[in-house]
There are 2 protein chains.
Amino acid sequence: MVKKRSRVTLQQVAEHAGVSRATASKVVRGSSNVSDAAREKVFNSMKELGYIYDRVAANLRSNRSNTIGLIITDIRNPYFSDLLIGIHESLDKEGYTVILGTTFDSVEKQDLLLSTMLEHRVGGILLSPVPGSSPETVERLSQFDIPIVLAARRITTDHQFDYVGIDNVEGAKLAVQHLVAKGHQRIAFIGGPSNSSAWQERTEGYCLALLEAGIPVDEALIKEGPTTRQGGYETIRKVLEQPDPPTAIFCYNDIIALGALTYLDEIGIKPGQHISIVGFDDIQEASMTPPGLSTIAAHPQQIGAYAANLLHQRISGLAGPPQQIILSPDLIVRGTT
Amino acid sequence: MVKKRSRVTLQQVAEHAGVSRATASKVVRGSSNVSDAAREKVFNSMKELGYIYDRVAANLRSNRSNTIGLIITDIRNPYFSDLLIGIHESLDKEGYTVILGTTFDSVEKQDLLLSTMLEHRVGGILLSPVPGSSPETVERLSQFDIPIVLAARRITTDHQFDYVGIDNVEGAKLAVQHLVAKGHQRIAFIGGPSNSSAWQERTEGYCLALLEAGIPVDEALIKEGPTTRQGGYETIRKVLEQPDPPTAIFCYNDIIALGALTYLDEIGIKPGQHISIVGFDDIQEASMTPPGLSTIAAHPQQIGAYAANLLHQRISGLAGPPQQIILSPDLIVRGTT
DNA sequence: GTGAAAGCGCTAACAC
DNA sequence: GTGTTAGCGCTTTCAC
């Protein structure tokens with residue numbers, strides 16, 4: 001917090017080049033109203049003096065911002081790494097700089113991060129909200145008319161926000177329909193935070209698909225649990241230990257499914273033979289973990305790219321009602337079903 | 001890049017509270033030289049007007065910075081997610097804001113990111129350099145006397161830099177010694193970027209341990225390859241298909257080892273029985289992938305925390321020669337050996 | 001304890 | 001084309 005610095009200023013560059021500050025400013029911003037001679041002199045002086053453009057001062061003066069705030073929940077989940085990659089790639093191209101914050105599912109942390117980002121004059125915010133976020137959290141942002149785009153998870157509120165995500169209902173239906181087609185009747189849905197929009201939508205899809213197949217929904221087969229490998233490991237154990245256990249399991253996401261596979265391996269049950277498992281997300285490990293995890297591709301990188309792109313448009317002045325961009329999921333069949 | 005905003009300024013707060021701008025400024029910074037009455041009036045006005053502190057303007061004027069630049073190579077690798085977590089946790093506590101950049105092993109991207117961060121007046125930089133980074137890349141930074149700390153990978157150059165990492169030589173020795181103790185004589189070392197300091201140090205440890213055990217180093221058993229699951233899958237195939245194949249394999253990192261395990265599973269070879277595998281890093285999946293990957297714990301989260309802490313101290317004015325903080329690795333024995 | 005005035009490094013009008 | 005002037009929102013002397 002206390003670093004002193006002695007930068008070369010544009011003033012010094014201008015003096016060294018024998019032009020005015022205004023002309024030098026035009027040169028660094030690539031304006032056309034400068035003679036070639038002046039431009040060259042300025043460039044030479046910049047190089048010679050080791051000039052570094054001060055975006056902070058420039059942004060302050062011009063009342064712009066080329067930074068955006070990115071808030072995600074769990075950087076350990078490959079799903080979010082991929083989301084982040086998609087966002088970064090898209091934003092880099094447009095010349096934005098990204099301030100990153102991770103909430104690890106803490107609402108307090110999320111509020112704090114949002115405030116910090118406002119204080120840093122971000123031009124917009126890309127938020128993958130903590131499950132159970134109160135609408136106020138994000139509604140207070142709309143006062144400051146700074147664009148905000150939600151990714152992967154919604155916030156349930158009257159006031160709509162721009163949102164980019166996967167069709168969770170459809171994804172869950174695909175998974176369950178696939179399991180039904182394989183002949184299963186007792187299909188469980190395990191893991192995940194029941195207060196997240198994604199969980200609720202997937203549960204909806206799960207129930208819909210069962211009803212369409214004429215299979216009654218058994219609440220004992222819906223078991224939430226921590227969204228971690230360890231969580232998957234334990235949740236599948238619980239669901240299998242109850243009387244009349246399921247013969248197929250649809251997991252909230254791949255991380256949970258992978259934990260579940262570990263448990264099955266331990267107790268000597270072969271997925272794809274004795275039991276069927278389907279995950280959600282299609283993270284890299286899904287294809288690399290024997291015998292290959294059947295799953296629903298959720299295209300996080302694309303979601304990130306779309307969300308970043310939408311935010312960029314909003315920052316650039318795009319008006320109009322909140323957009324809801326919903327991508328279609330794909331069923332990926334591998335060895336576990 | 002074009003967002004207009006109409007913030008409430010400190011000026012407006014001051015007027016509303018009936019005090020001067022200077023007094024209001026003291027209040028927001030928590031200075032003691034303010035009467036309680038004035039403080040309260042200012043706080044009330046702030047709340048009433050919805051004031052947001054402008055750190056950008058404040059930093060400009062006071063010539064400080066509370067942002068730091070963080071540059072890592074591969075966000076997909078859980079090792080780096082953990083590094084990032086350690087860094088973030090440590091930096092959050094000190095009130096820094098983090099600007100993130102990912103290079104994906106592109107030297108050009110790295111140079112670009114470093115420039116961008118300088119332009120954003122970061123107070124310091126935390127860099128996990130791209131393998132094969134030229135010393136100039138980072139030496140030019142020392143001109144601007146902005147603190148920089150390297151994490152996980154060094155840059156070989158005369159000018160030393162602050163560095164925090166694991167003892168790679170020792171880690172590799174632990175791995176190989178373990179394999180030797182298990183009775184192996186033909187031990188391969190596969191995967192990784194041979195132009196990274198980490199690879200070179202691990203190779204050194206590998207060779208040292210073999211020599212100490214009286215086993216000659218066979219160059220055919222050292223095979224570099226992409227640092228991905230897919231890379232591990234292919235590199236182990238190559239090394240096993242050659243005449244006189246190894247009976248044990250030390251992998252550059254866990255990602256590669258996990259890819260290798262996938263291949264072994266496919267061809268029906270049981271790790272821990274027919275062949276021994278050791279990884280490096282001890283990422284979460286190592287313990288969750290049956291039969292459990294033996295590995296060397298590299299403590300990325302701790303490294304991140306130490307690096308962040310050192311950078312904070314440098315920013316706060318800590319002088320003295322470059323520090324080299326080297327953590328000790330631990331051998332973790334699981335099912336694959 | 002409080003306020004007036006100067007200025008961080010830059011851009012934006014507007015003359016010339 | 002180029003320079004002059006004002007000022008973004010804040011902090012910092014330095015009087016009072």
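Every chain is numbered from 1, with letters handed out A, B, ... down the list of sequences. All values below come from the heavy atoms of this structure, side chains included, with hydrogens, waters and symmetry mates left out.
The interatomic distance linking Arg121(A) (CZ) with dC10(D) (C1') rounds to 10 Å, in whole Å. Per the geometry, CG belonging to Leu60(B) stands 10 Å off C1' belonging to dT11(D), to the nearest Å.
A donor-acceptor pair is defined here as one N or O able to donate and one able to accept, closer than 3.5 Å; no such pair exists between the side chain of Thr102(B) and the backbone of Phe104(B). The main-chain N or O of Leu112(A) is found under 3.5 Å from a side-chain atom of Thr116(A) such that the two form a donor-acceptor pair. Using modelled atom types, one side-chain atom of Gln12(A) and one backbone atom of Thr9(A) make a donor-acceptor pair closer than 3.5 Å.
Atom OH of Tyr306(B) has 12 or fewer neighbouring heavy atoms from other residues, nucleotides or ligands inside a 6.0 Å radius. The neighbour count for Glu40(A) CD, taken as heavy atoms of other residues, nucleotides or ligands under 6.0 Å away, does not exceed 12.
Using a 4.0 Å cut-off, some side-chain N or O of Thr23(A) falls inside it from OP1 or OP2 of dG3(D).
The side chain to side chain donor-acceptor pair (under 3.5 Å) check on Ser197(B) picks up nothing, with sequence neighbours excluded.
Remark: Asn195(B) CG to Arg153(B) CZ distance equals 9.0 Å, nearest 0.5 Å.
Within 4.0 Å (heavy atoms only), Val56(A) reaches no atom of the nucleic acid at all.
Contacts of residues 30-48 of chain B with DNA chain C (heavy atom under 4.0 Å): Asn33(B), Val34(B), Ser35(B), Ala38(B).
Looking only at side-chain heavy atoms (C-beta outward), Thr97(B) and Ile68(B) stay at 4.5 Å or farther from each other.
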Using a 4.0 Å heavy-atom cut-off, write out nucleotides 10-16 of chain C from 5' to 3' as B (base contacted by protein), S (sugar-phosphate only) or - (no contact). BBB----
